[in-house]
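Written out below as C-alpha coordinates is the structure these notes cover.
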Amino acid sequence: MQIELVQGFTNLAIGDAQLLRIKKVAVDEKFKKVKLTFEDEKGRTLVEQYMLSPSKEGKSVGLMILSTIAKCATDNFADRPFDPEDLKGRYIVADVYEQVSTAEDGKVSRYVHLRNYNVASGTFDDDADVGGEDDEDDEDDDDIWG
(Lines give C-alpha, C1' and ligand atoms only; values in the text may rest on other atoms or scores of the structure.)
Protein backbone atom coordinates (compact mmCIF):
# COMPACT_ATOMS: atom_id res chain seq x y z
CA MET A 1 0.00 0.00 0.00
CA GLN A 2 1.28 3.45 -0.90
CA ILE A 3 0.29 6.52 1.10
CA GLU A 4 0.55 9.97 -0.43
CA LEU A 5 2.39 12.22 2.01
CA VAL A 6 1.07 15.70 2.70
CA GLN A 7 2.30 18.81 4.47
CA GLY A 8 3.06 17.75 8.04
CA PHE A 9 2.03 19.15 11.36
CA THR A 10 4.15 22.14 12.39
CA ASN A 11 4.51 23.38 15.96
CA LEU A 12 4.52 27.06 16.76
CA ALA A 13 7.90 28.70 16.39
CA ILE A 14 9.84 29.32 19.61
CA GLY A 15 9.79 33.00 20.54
CA ASP A 16 8.44 35.73 22.76
CA ALA A 17 5.25 37.80 22.58
CA GLN A 18 3.54 35.96 19.73
CA LEU A 19 0.00 36.76 18.62
CA LEU A 20 -2.06 33.57 18.82
CA ARG A 21 -5.68 32.73 18.07
CA ILE A 22 -7.53 30.06 20.02
CA LYS A 23 -8.58 27.82 17.15
CA LYS A 24 -10.32 24.96 18.97
CA VAL A 25 -11.75 24.32 22.41
CA ALA A 26 -12.52 20.81 23.70
CA VAL A 27 -14.04 20.27 27.13
CA ASP A 28 -14.06 16.89 28.83
CA GLU A 29 -16.43 17.29 31.77
CA LYS A 30 -16.00 13.69 32.95
CA PHE A 31 -12.25 14.06 33.47
CA LYS A 32 -12.40 17.81 34.20
CA LYS A 33 -9.99 18.96 31.54
CA VAL A 34 -9.93 21.51 28.75
CA LYS A 35 -7.81 21.36 25.61
CA LEU A 36 -7.10 24.52 23.66
CA THR A 37 -5.55 24.57 20.20
CA PHE A 38 -3.61 27.76 19.55
CA GLU A 39 -2.53 28.85 16.09
CA ASP A 40 -0.33 31.60 14.71
CA GLU A 41 -0.85 33.62 11.55
CA LYS A 42 1.02 31.00 9.48
CA GLY A 43 -1.33 28.23 10.63
CA ARG A 44 1.19 26.54 12.93
CA THR A 45 -0.50 25.06 15.98
CA LEU A 46 0.02 23.95 19.55
CA VAL A 47 -2.41 22.02 21.76
CA GLU A 48 -2.30 22.62 25.51
CA GLN A 49 -4.33 20.64 28.05
CA TYR A 50 -5.45 22.04 31.41
CA MET A 51 -6.54 19.72 34.21
CA LEU A 52 -9.16 21.46 36.36
CA SER A 53 -9.18 19.03 39.29
CA PRO A 54 -7.29 20.14 42.40
CA SER A 55 -4.06 18.41 43.32
CA LYS A 56 -3.33 16.89 46.74
CA GLU A 57 -2.39 20.39 47.90
CA GLY A 58 -5.88 21.61 46.99
CA LYS A 59 -4.87 23.81 44.06
CA SER A 60 -5.45 23.35 40.36
CA VAL A 61 -2.55 24.79 38.42
CA GLY A 62 -4.45 24.04 35.21
CA LEU A 63 -7.41 26.10 36.39
CA MET A 64 -5.11 28.98 37.33
CA ILE A 65 -3.46 28.94 33.88
CA LEU A 66 -6.79 28.59 32.07
CA SER A 67 -8.17 31.49 34.14
CA THR A 68 -5.24 33.68 33.09
CA ILE A 69 -5.77 32.76 29.43
CA ALA A 70 -9.51 33.46 29.65
CA LYS A 71 -8.96 36.81 31.35
CA CYS A 72 -6.38 37.87 28.75
CA ALA A 73 -8.43 36.58 25.80
CA THR A 74 -11.53 38.44 26.96
CA ASP A 75 -9.64 41.45 28.39
CA ASN A 76 -11.74 41.08 31.53
CA PHE A 77 -9.75 40.40 34.70
CA ALA A 78 -12.69 39.84 37.06
CA ASP A 79 -13.06 36.45 38.76
CA ARG A 80 -16.25 35.07 37.23
CA PRO A 81 -17.73 31.94 35.68
CA PHE A 82 -17.12 31.54 31.95
CA ASP A 83 -17.79 29.02 29.22
CA PRO A 84 -14.51 27.76 27.70
CA GLU A 85 -16.27 27.60 24.29
CA ASP A 86 -16.37 31.41 24.40
CA LEU A 87 -12.58 31.40 23.94
CA LYS A 88 -12.78 30.01 20.40
CA GLY A 89 -11.63 32.63 17.91
CA ARG A 90 -10.19 34.96 20.55
CA TYR A 91 -6.61 36.18 20.63
CA ILE A 92 -3.85 36.27 23.20
CA VAL A 93 -0.17 37.13 23.20
CA ALA A 94 2.13 34.53 24.72
CA ASP A 95 5.71 33.33 24.76
CA VAL A 96 6.34 29.97 23.07
CA TYR A 97 9.15 28.07 24.73
CA GLU A 98 10.73 24.63 24.48
CA GLN A 99 11.11 22.42 27.52
CA VAL A 100 13.83 19.78 27.25
CA SER A 101 13.94 16.84 29.63
CA THR A 102 16.28 13.87 29.85
CA ALA A 103 15.06 10.51 31.16
CA GLU A 104 17.18 8.21 33.28
CA ASP A 105 17.91 6.11 30.18
CA GLY A 106 19.36 9.21 28.47
CA LYS A 107 16.43 9.71 26.09
CA VAL A 108 15.88 13.43 25.42
CA SER A 109 12.32 14.70 24.99
CA ARG A 110 11.31 18.14 23.78
CA TYR A 111 7.98 19.79 24.54
CA VAL A 112 6.64 23.12 23.31
CA HIS A 113 4.53 25.15 25.77
CA LEU A 114 3.11 28.64 26.25
CA ARG A 115 3.70 31.07 29.11
CA ASN A 116 3.54 34.78 29.96
CA TYR A 117 0.03 35.36 28.64
CA ASN A 118 -1.07 38.91 27.80
CA VAL A 119 -3.97 40.73 26.19
CA ALA A 120 -3.74 40.89 22.40
CA SER A 121 -3.99 44.29 20.78
CA GLY A 122 -4.70 43.01 17.26
CA THR A 123 -5.81 40.15 15.05
CA PHE A 124 -4.42 38.33 12.03
CA ASP A 125 -4.49 40.43 8.86
CA ASP A 126 -6.69 37.93 7.03
CA ASP A 127 -9.06 37.43 9.96
CA ALA A 128 -12.59 37.69 8.61
CA ASP A 129 -14.07 35.12 11.00
CA VAL A 130 -13.57 36.41 14.54
CA GLY A 131 -15.32 34.05 16.91
CA GLY A 132 -14.44 30.90 14.96
CA GLU A 133 -17.96 30.03 13.79
CA ASP A 134 -18.51 27.94 10.69
CA ASP A 135 -15.14 26.18 10.76
CA GLU A 136 -16.50 23.39 8.58
CA ASP A 137 -13.08 21.92 7.94
CA ASP A 138 -12.72 21.30 11.69
CA GLU A 139 -15.84 19.12 11.97
CA ASP A 140 -13.96 15.89 11.24
CA ASP A 141 -11.25 16.44 13.83
CA ASP A 142 -13.30 17.74 16.77
CA ASP A 143 -12.61 14.58 18.76
CA ILE A 144 -9.09 15.46 19.90
CA TRP A 145 -9.30 13.21 22.98
CA GLY A 146 -8.64 10.02 21.03
Side-chain angles (χ1 to χ4, degrees), residues 3-103 108-146:
I3 299 173
E4 185 69 30
L5 299 181
V6 297
Q7 182 65 36
F9 173 83
T10 305
N11 271 331
L12 295 176
I14 306 302
D16 294 340
Q18 295 190 45
L19 178 63
L20 305 172
R21 177 174 38 206
I22 300 171
K23 180 178 180 179
K24 293 182 191 175
V25 177
V27 178
D28 184 333
E29 291 184 33
K30 180 179 178 182
F31 293 103
K32 296 184 179 179
K33 60 184 174 181
V34 174
K35 281 188 181 181
L36 300 179
T37 301
F38 299 89
E39 74 174 335
D40 66 6
E41 194 167 19
K42 294 181 179 180
R44 297 176 290 200
T45 60
L46 173 69
V47 177
E48 292 273 51
Q49 175 174 277
Y50 307 98
M51 303 301 291
L52 307 180
S53 298
S55 66
K56 293 177 184 174
E57 295 80 30
K59 294 182 179 180
S60 171
V61 174
L63 178 58
M64 289 187 275
I65 295 169
L66 184 61
S67 295
T68 300
I69 292 168
K71 290 175 181 182
C72 289
T74 61
D75 198 12
N76 179 344
F77 290 86
D79 291 337
R80 66 196 188 284
F82 82 100
D83 182 349
E85 291 291 335
D86 292 342
L87 296 176
K88 187 174 180 182
R90 295 197 178 254
Y91 289 84
I92 63 164
V93 171
D95 297 344
V96 181
Y97 74 100
E98 182 177 58
Q99 176 185 359
V100 179
S101 64
T102 305
V108 176
S109 298
R110 298 177 186 279
Y111 306 95
V112 177
H113 294 289
L114 301 178
R115 65 177 174 201
N116 299 328
Y117 305 98
N118 288 292
V119 175
S121 61
T123 62
F124 298 159
D125 289 339
D126 65 348
D127 192 11
D129 184 24
V130 175
E133 286 92 19
D134 300 322
D135 286 339
E136 292 179 26
D137 60 332
D138 291 342
E139 294 298 323
D140 294 336
D141 58 356
D142 278 345
D143 184 15
I144 61 175
W145 297 109

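Keep in mind that what you see is a predicted model, and the values were worked out from it rather than measured. Position 1 is the first residue of the sequence; numbering continues from there.
The side chain to side chain donor-acceptor pair (under 3.5 Å) check on Ser55 picks up Glu57, with sequence neighbours excluded. Residues passing the side chain to side chain donor-acceptor pair (under 3.5 Å) test with Arg115: none are found, sequence neighbours excluded. Considering only residues two or more places apart in sequence or on other chains, Asp86 meets the side chain to side chain contact (heavy atoms under 4.5 Å, CB included) condition with Asp83. Judged as a side chain to side chain donor-acceptor pair (under 3.5 Å), and not counting sequence neighbours, the contacts of Thr74 are Arg80. With sequence neighbours left out, Glu98 forms a salt bridge (Lys or Arg N to Asp or Glu O under 4.0 Å) with Arg110. With sequence neighbours left out, Phe82 forms a side chain to side chain contact (heavy atoms under 4.5 Å, CB included) with Leu66, Ala70, Pro84, Leu87. Listed by chain and residue number, Leu63 satisfy the side chain to side chain contact (heavy atoms under 4.5 Å, CB included) test with Ser60 (two or more places apart in sequence, or in another chain). Scanning for side chain to side chain donor-acceptor pair (under 3.5 Å) contacts around Gln99 gives His113, with sequence neighbours left out. With sequence neighbours excluded, the residues forming a side chain to side chain contact (heavy atoms under 4.5 Å, CB included) with Ser53 are Lys32, listed by chain and number.
Between the side chain of Asp95 and the main chain of Ala17, a donor-acceptor pair closer than 3.5 Å is present. Side-chain atoms of Glu85 never come within 3.5 Å of backbone atoms of Val27 as a donor-acceptor pair (strictly under, hydrogens ignored). Judged by distance alone, the side chain of Gln49 and the main-chain N or O of Lys33 form no donor-acceptor pair under 3.5 Å. The closest donor-acceptor contact from the side chain of Asn118 to the backbone of Asn116 lies under 3.5 Å.
Annotation: the span from Leu46 atom CG to Leu36 atom CG amounts to 10.0 Å, rounded to 0.5 Å. In this structure, CD1 on Ile22 lies 10.0 Å from OG1 on Thr37, to the nearest 0.5 angstrom. Residue Arg21 holds its CZ atom at 13.5 Å from CZ of Arg90, rounded to the nearest 0.5 Å.
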(request) Apply side-chain contact (heavy atoms from CB on, under 4.5 Å) to the pair Phe124 and Glu39, showing each step before the final yes or no. (result) CA-CA 10 Å; Phe124 298 159; Glu39 74 174 335; 4.3 Å; yes
